Number of protein chains: 2
Amino acid sequence: MGITKTDLFSEEQNELARVAKVLSNPARVAILHHLFKANACINSDLVHELGLAQATISQHLRELKAIGLVQGTIEGVSMSYCINPVKWVEIKQLFNSLFDRFGMDEEGQCC
Amino acid sequence: MGITKTDLFSEEQNELARVAKVLSNPARVAILHHLFKANACINSDLVHELGLAQATISQHLRELKAIGLVQGTIEGVSMSYCINPVKWVEIKQLFNSLFDRFGMDEEGQCC
DNA sequence: TTCATTCATCGTAATATTGCAATGAAACAT
DNA sequence: ATGTTTCATTGCAATATTACGATGAATGAA
């Protein structure tokens with residue numbers, strides 16, 4: 001099949017999975033890390049920094065933009081990318097709502 | 001290709017991506033949600049609850065076990081699964097180390 | 001023993017992802 | 001106008017993922 005069933009699950013579950021999928025590639029994580037350091041950076045910087053082809057970086061940036069995590073503006077002949085801080089907090093809370101479901105009061109295993 | 005290059009990235013970046021990939025399927029998120037509610041539950045419950053085939057659930061559980069997030073013990077003829085609280089905190093911190101890199105002091109966009 | 005239940009694994013078809021070369025489009029300089 | 005730089009898009013081959021039926025191993029009941 002290769003197709004994920006989404007109709008069986010809640011909107012929160014699907015949204016969390018969708019965002020996790022974007023974070024599930026080390027190149028995209030590295031792009032985010034690089035954007036943190038630079039606070040804004042252009043595509044060619046990333047190509048030089050990550051060692052992947054320009055087309056590959058561009059494709060990863062598109063996926064980061066697709067969920068609104070990264071935004072880019074035209075800067076003359078080049079492109080300037082940065083994190084969308086509003087979306088960042090939103091996603092952070094989405095993950096925290098998962099992580100905080102499991103209370104850490106219970107130290108022992110249940111099984 | 002279809003193969004992810006990992007040699008270009010740091011261990012932290014690869015690890016985060018690896019865990020995110022496990023969370024990138026809504027069925028696996030739903031399994032975690034269900035484990036939270038029950039604190040322990042068996043496979044057949046999940047099959048009934050999620051509406052996926054038994055083989056599919058079993059495969060998802062294997063991936064959750066592969067990263068140590070879920071553990072199962074034999075309970076007679078059935079199986080008892082639960083969250084590994086130690087690994088859970090570890091993964092929570094792994095994600096927080098990503099989310100906390102971006103300070104929320106800057107409200108405006110950079111570009 | 002024989003049967004039913006539970007769950008893992010195998011095999012498979014459909015689809016998705018990854019990375020790249022090639023090609024385009026846009027902005028700018030000469 | 002011509003060339004250059006920057007980045008997006010397209011097309012492709014290799015591989016991964018997803019879901020499921022079928023099968024098998026293990027446990028316990030009759």
Side-chain angles (χ1 to χ4, degrees), chain A residues 1-9 13-14 17-31 34-35 40-67 70-82 111, chain B residues 1-9 13-14 17-31 34-35 40-67 70-82 111:
Chain A
M1 299 220 160
I3 192 166
T4 303
K5 286 193 172 181
T6 57
D7 53 305
L8 296 173
F9 310 106
Q13 288 163 345
N14 284 318
R18 192 160 38 241
V19 174
K21 181 172 284 180
V22 175
L23 298 177
S24 75
N25 185 294
R28 290 193 285 269
V29 174
I31 287 174
H34 198 71
L35 285 179
C41 88
I42 60 173
N43 192 317
S44 64
D45 277 355
L46 292 167
V47 173
H48 186 264
E49 196 83 24
L50 301 189
L52 287 169
Q54 182 266 326
T56 307
I57 301 287
S58 189
Q59 188 178 323
H60 284 310
L61 281 166
R62 180 165 53 174
E63 293 183 61
L64 287 165
K65 279 190 286 186
I67 60 166
V70 163
Q71 52 197 178
T73 45
I74 301 171
E75 195 82 32
V77 78
S78 63
M79 204 74 187
S80 193
Y81 290 106
C82 69
C111 52
Chain B
M1 299 218 161
I3 193 166
T4 303
K5 286 194 171 181
T6 56
D7 53 305
L8 295 174
F9 309 107
Q13 288 164 345
N14 283 320
R18 193 159 39 239
V19 174
K21 181 172 284 180
V22 175
L23 299 177
S24 75
N25 185 294
R28 290 193 286 269
V29 174
I31 287 175
H34 198 72
L35 285 179
C41 90
I42 60 174
N43 192 319
S44 64
D45 277 356
L46 293 167
V47 172
H48 185 265
E49 197 83 24
L50 301 190
L52 288 168
Q54 183 265 324
T56 307
I57 300 287
S58 189
Q59 188 177 324
H60 283 311
L61 280 166
R62 181 166 52 174
E63 293 183 62
L64 287 164
K65 280 191 286 186
I67 60 166
V70 163
Q71 53 198 175
T73 47
I74 301 171
E75 196 81 32
V77 77
S78 63
M79 204 75 188
S80 192
Y81 290 106
C82 69
C111 50

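Letters go in sequence order (proteins before strands), and every chain restarts at 1. All of these numbers come straight from a predicted model, not from anything done at the bench.
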From CG of N25(B) over to P of dT15(C), roughly how many Å is that when rounded to an integer?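 From N25(B) CG to dT15(C) P: 17 Å.
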
Whole-Å distance separating the CD1 atom of I3(A) from the C1' atom of dC20(D):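 Spelled out: CD1 on I3(A) to C1' on dC20(D) is 14 Å.
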
Atom CG in L23(A), atom CZ in R18(B): separation rounded to 0.5 Å?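 The CG atom of L23(A) sits 15.0 Å away from the CZ atom of R18(B).
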
Could you state the interatomic distance from CG (L50(B)) to CD1 (I57(B)), rounded to the nearest 0.5 Å?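 If we round to the nearest 0.5 Å, L50(B):CG and I57(B):CD1 are 4.5 Å apart.
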
Of K21(A) and G51(A), whose closest DNA chain C nucleotide lies nearer the 5' terminus?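 Taking each residue's closest nucleotide, the earlier one in sequence belongs to K21(A).
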
Starting from the 5' end of DNA chain C, give me the residue, K65(B) or L52(A), whose nearest nucleotide shows up first.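 Result: K65(B).
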
Return whichever of M79(A) or R28(B) has its heavy-atom-nearest nucleotide of DNA chain D closer to the 5' end.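 First, find each residue's nearest nucleotide; the 5'-ward one identifies M79(A).
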
Is there a side-chain contact between T56(B) and the phosphate of dC20(D), meaning an N or O under 4.0 Å from OP1 or OP2?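 Result: yes.
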
Are any of H60(B)'s side-chain N or O atoms less than 4.0 Å away from OP1 or OP2 of dT17(D)?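 No, no such contact exists.
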
Candidate nucleotides [options], ranked by approach to the side chain of [X] - the nearest:
{"X": "S78(A)", "options": "dC7(C), dA19(D), dC7(D)", "result": "dC7(D)"}
{"X": "S58(B)", "options": "dC20(D), dT9(C), dT27(D)", "result": "dT9(C)"}
{"X": "T4(A)", "options": "dT6(D), dC20(D), dT18(D)", "result": "dT18(D)"}
{"X": "R62(A)", "options": "dA22(D), dT10(D), dT18(C)", "result": "dT10(D)"}
{"X": "V77(B)", "options": "dT18(D), dT9(D), dT5(C)", "result": "dT5(C)"}

Per the side-chain contact (heavy atoms from CB on, under 4.5 Å) rule, which among L52(B), T56(B), L61(B) passes with L46(B)?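 For L46(B), the side-chain contact (heavy atoms from CB on, under 4.5 Å) check succeeds only for L61(B).
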
Sugar-phosphate only, base, or nothing, as touched by A53(B) at under 4.0 Å among non-hydrogen atoms: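 Answer is sugar-phosphate: A53(B) comes under 4.0 Å of backbone atoms only.
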
Can you see which heavy atom on D45(A) is nearest to which on H34(A), and at what distance?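 Heavy atoms only, the tightest pair is CB-NE2, 4.4 Å.
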
